[in-house]
Amino acid sequence: MDTGMPKPTQTRRAGGLPAAVEPPDENDGEVESPAMEIDTLGGAMGRDFGRFFRDMKMIQKSDVVLLQEPRCSGLKARITIKKLGFHNSMISEANGFSRGIWILWNNPDIKIQAMCIEQQILHVSIQENNFNPWFLSVVYASPRGEERGMLWNSILDIKHKITGDWLLLGDFNDIANDGEKRGGAPVDIAKCINFSARINSCNLMDLGQVGGLFTWRGPIRNGYERVYKKLDRGLCNVGWRTRFPDALVKVLARVHSDHHPLCLITQPNIGNVSSRPFCFQAMWLEHKDFNNFVKDNWCQNSLLVEAIDHFIPKLKEWNKVIFGNLDATLRQEETLWHQKSRKAWITGGDRNIRKNFIDYIRFAWSHPEAIRVINTINTTLLVLIPKMDPPQWASQFLPIVLCNVIYKCITKILAGWIKPLMDTWISPHRAGFFPGRNIQDNIIIA
């Protein structure tokens with residue numbers, strides 16, 4: 001609940017562009033869903049909110065804003081919406097200084113149609129251009145348990161009436177487990193179980209979030225520490241998650257409110273795909289023509305780096321032709337996830353492929369000039385593995401360095417060359433870490 005200002009939610013396109021349905025790629029077999037971003041804020045009245053909202057609108061470049069507890073209704077609400085710079089709106093009227101949900105947007109390509117308007121939920125369908133619509137339910141749950149029960153009855157009723165992609169976003173005024181609260185009185189586990197059961201009964205899943213874990217800062221009462229909770233969240237059904245597999249919820253900085261704004265991005269910019277390193281896929285080994293393809297396109301007499309640079313573009317094109325559709329066999333899909341799960345898939349790999357690589361290692365052993373350490377080989381990927389869920393500080397990540405295969409092979413070869421000479425290079429007084437030597441011998445001599 002807000003104490004200072006209402007809580008808006010904004011929708012914007014990833015990358016700072018207006019939220020709109022992306023046109024389908026001519027090479028894709030399926031129509032892509034629109035990219036959108038949704039933020040949550042609170043409190044439409046007052047000069048402070050106006051300034052903050054204009055700054056946030058300029059930074060986020062949102063297409064649709066969801067505003068909760070605006071603290072005004074009727075004609076005053078329409079005037080405020082116009083002052084905020086929006087031409088289109090959908091409203092669940094406020095009751096004095098409480099309740100109220102607004103959906104605001106300007107993009108003429110976005111069509112929003114009301115499906116259900118209640119005090120605790122505003123349910124609409126969203127369509128852009130000629131793309132398939134999806135459903136959005138903006139939730140502002142009551143702090144009273146009995147009224148929240150009525151809200152979930154409405155959500156369950158909506159679930160039975162619609163067939164399609166469905167997103168719920170807003171303040172649910174509940175927590176799902178004891179990890180979503182800090183400080184204050186002890187967590188009521190029964191309420192957590194009840195909230196989780198309601199989510200499961202509607203076949204919904206939590207979208208998770210990036211940024212801070214807690215979305216609401218409460219008061220200090222009865223000698224307890226200040227209470228923090230995750231009251232705001234995004235929930236969706238399987239269809240919506242499948243349509244927007246990379247969607248994420250950002251927790252933004254809290255300003256003039258006890259709630260943090262939320263920013264939902266349906267299709268975030270996840271780096272430049274063209275700059276991602278090439279990765280070998282184990283499912284290629286399952287194809288009957290893969291061995292012949294390698295034999296026909298691998299440059300046998302070239303240096304390793306040159307052979308790989310020549311082979312990768314052809315392999316990418318072959319992959320696009322063979323595996324470019326969604327009708328890949330179940331066996332190939334299982335093999336792909338088998339590799340991604342870090343199982344020892346290579347032990348069952350094709351013997352001819354492994355033999356060709358071993359032959360090249362033997363060639364490089366006898367012809368060291370064939371190995372040229374260049375920048376593309378001497379580079380690694382740095383991956384940050386979270387030690388806890390969710391991580392909030394850099395110290396809560398474990399850095400893992402991922403060297404490429406060629407780098408590992410070269411270092412293994414060099415180690416093999418150097419090992420027979422170590423006894424002649426290292427003084428006999430240095431006894432540690434050598435076969436046949438014992439570091440304790442020096443202790444006895446001393």
Side-chain angles (χ1 to χ4, degrees), residues 1 7 9 38 40 66 68 101 116 118-123 134-218 224-225 227-245 247-251 258-264 266 386 388-392:
M1 297 170 292
K7 303 183 301 182
T9 301
I38 299 178
T40 64
L66 312 182
Q68 299 174 333
I101 302 172
C116 174
E118 298 181 6
Q119 284 192 328
Q120 298 184 81
I121 187 170
L122 177 52
H123 177 66
W134 54 276
F135 299 100
L136 170 66
S137 296
V138 187
V139 175
Y140 187 28
S142 169
R144 290 176 283 276
E146 183 178 351
E147 293 182 359
R148 286 201 303 277
M150 298 169 58
L151 164 67
W152 279 99
N153 289 337
S154 298
I155 294 176
L156 190 62
D157 185 54
I158 292 173
K159 184 252 183 184
H160 291 148
K161 290 181 178 178
I162 66 172
T163 56
D165 310 328
W166 184 25
L167 168 70
L168 298 90
L169 189 68
D171 179 4
F172 289 82
N173 237 313
D174 258 322
I175 60 174
N177 55 67
D178 57 358
E180 295 182 352
K181 178 183 178 181
R182 187 179 72 191
V187 173
D188 189 332
I189 299 299
K191 290 184 178 180
C192 295
I193 295 174
N194 187 39
F195 180 52
S196 298
R198 285 170 168 171
I199 295 174
N200 294 332
S201 67
C202 295
N203 297 328
L204 299 172
M205 64 182 74
D206 197 313
L207 288 173
Q209 61 195 54
V210 296
L213 171 61
F214 307 109
T215 65
W216 175 75
R217 188 185 77 161
Y224 291 109
E225 295 181 355
V227 60
Y228 296 87
K229 291 183 180 181
K230 178 185 175 180
L231 298 181
D232 308 85
R233 70 187 70 228
L235 304 175
C236 68
N237 63 5
V238 174
W240 195 91
R241 193 34 137 174
T242 303
R243 181 170 178 172
F244 303 104
L248 58 87
V249 176
K250 288 183 179 180
V251 179
D258 52 3
H259 280 264
H260 288 259
L262 298 185
C263 175
L264 182 137
T266 58
M388 59 183 300
D389 184 24
Q392 300 185 38

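Numbering starts at 1 and runs along the sequence shown. Quick caveat, the model's predicted, so the values are computed rather than measured.
Annotation: the span from C236 atom SG to L167 atom CG amounts to 6.5 Å, rounded to 0.5 Å. Remark: L151 CG to D174 CG distance equals 9.5 Å, nearest 0.5 Å. With rounding to the nearest 0.5 angstrom, the CZ atom of R148 is 5.5 Å from the CG atom of N173. Here CD of E118 is found 9.5 Å from CD1 of I155. Values are rounded to the nearest 0.5 Å. The structure places CD1 of I158 at 10.5 Å from CH2 of W152, a figure rounded to the nearest 0.5 Å. Note that CH2 of W134 is 11.5 Å distant from CD1 of I162, once rounded to the nearest 0.5 Å.
Considering Q209, H260, H259 as possible partners of D232, the one that fulfils the side chain to side chain contact (heavy atoms under 4.5 Å, CB included) test is H259.
With sequence neighbours excluded, no residue forms a side chain to side chain donor-acceptor pair (under 3.5 Å) with N237. Here D157 pairs with K161 under the side chain to side chain donor-acceptor pair (under 3.5 Å) rule; sequence neighbours left out. Contacts of R217 classified as side-chain contact (heavy atoms from CB on, under 4.5 Å), with partners at least two apart in sequence or in another chain: R226, Y228, R254. Taking S137 as the reference, H123, W166 meet the side chain to side chain donor-acceptor pair (under 3.5 Å) condition, with sequence neighbours excluded. With sequence neighbours left out, the side-chain contact (heavy atoms from CB on, under 4.5 Å) criterion links E147 to R99, Q120, S142, R144. Residues satisfying the side-chain contact (heavy atoms from CB on, under 4.5 Å) criterion with D206, sequence neighbours excluded, are K230, R233, L235.
For the pair L262/V251, a side-chain contact is recorded, criterion being any heavy-atom separation below 4.5 Å from C-beta on. Here the side chains of F214 and I175 are not in contact, with every heavy-atom distance at 4.5 Å or above. Side-chain contact between W216 and V227 is present, with heavy atoms from C-beta onward closer than 4.5 Å.
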Donor-acceptor contacts under 3.5 Å from residues 183-199 side chains, at least two apart:
{"residue": "D188", "atom": "OD1", "partner": "A190", "partner atom": "N", "Å": "3.1"}
{"residue": "D188", "atom": "OD1", "partner": "K191", "partner atom": "N", "Å": "3.4"}
{"residue": "S196", "atom": "OG", "partner": "A176", "partner atom": "O", "Å": "3.3"}
{"residue": "S196", "atom": "OG", "partner": "C192", "partner atom": "O", "Å": "3.2"}

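When all heavy atoms of V139 and Q68 are compared, the closest pair comes out as O-NE2, 2.5 Å. Heavy atoms only, all atoms of each residue included: T215 and L231 are closest at OG1-N, 3.0 Å. The shortest heavy-atom contact between L213 and G179 is CD2-O, 3.3 Å.
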Working note: N203 + V238, criterion side chain to side chain contact (heavy atoms under 4.5 Å, CB included); need CA distance, chi angles, decisive distance, verdict. CA-CA 8 Å; N203 297 328; V238 174; over 6 Å; no
